[in-house]
Amino acid sequence: VLDRAFATLPQLAHEPMALKRRSYADMYRVLAYYAQEGGDSLFAVRCALNSLRYEPLCMAAWKQAIKGSLGTVGLYR
């Protein structure tokens with residue numbers, strides 16, 4: 001969805017890469033949060049790690065990745 005939005009909407013087509021990176025990072029953080037809440041720790045970890053690809057210094061994404069990792073081994077719910 002974000003790819004299409006940035007490609008087709010004229011007002012977003014020429015936005016700086018920082019906005020695109022932030023948008024993708026936020027999207028993956030939201031997905032990680034809801035996956036963790038739904039009990040899907042493995043998907044939560046994947047989403048948090050994808051978020052870190054776009055914003056590697058984001059502490060919230062690191063926390064989600066750690067929580068999800070602990071959840072995959074049954075140490076966090």
Between [atom1] of [X] and [atom2] of [Y], what distance do you get to the nearest 0.5 Å?
X	Y	atom1	atom2	answer
R46	Y28	CZ	OH	9.0 Å
Y33	K63	OH	NZ	12.0 Å
D26	Y54	CG	OH	12.5 Å
D40	C47	CG	SG	8.5 Å

Atom of [X], atom of [Y] and distance for their closest heavy-atom approach:
X	Y	value
G68	S41	O-CB, 3.5 Å
A61	R29	N-CD, 4.0 Å
R53	R21	O-NH2, 3.1 Å
A25	S51	O-OG, 3.1 Å

*In sequence, state the C-alpha distance, the side-chain angles, and the governing distance for Q36 and Q64, and then conclude on side chain to side chain contact (heavy atoms under 4.5 Å, CB included).*
CA-CA 8 Å; Q36 187 68 39; Q64 285 178 325; over 6 Å; no
*Is it true that L52 and V45 fall in one hydrophobic cluster, defined by side-chain heavy atoms closer than 4.5 Å?*
yes
*Does P56 offer a backbone N or O that forms a donor-acceptor pair with the side chain of W62 under 3.5 Å?*
yes
_Donor-acceptor under 3.5 Å (S23 side chain, L19 main chain)_ = yes
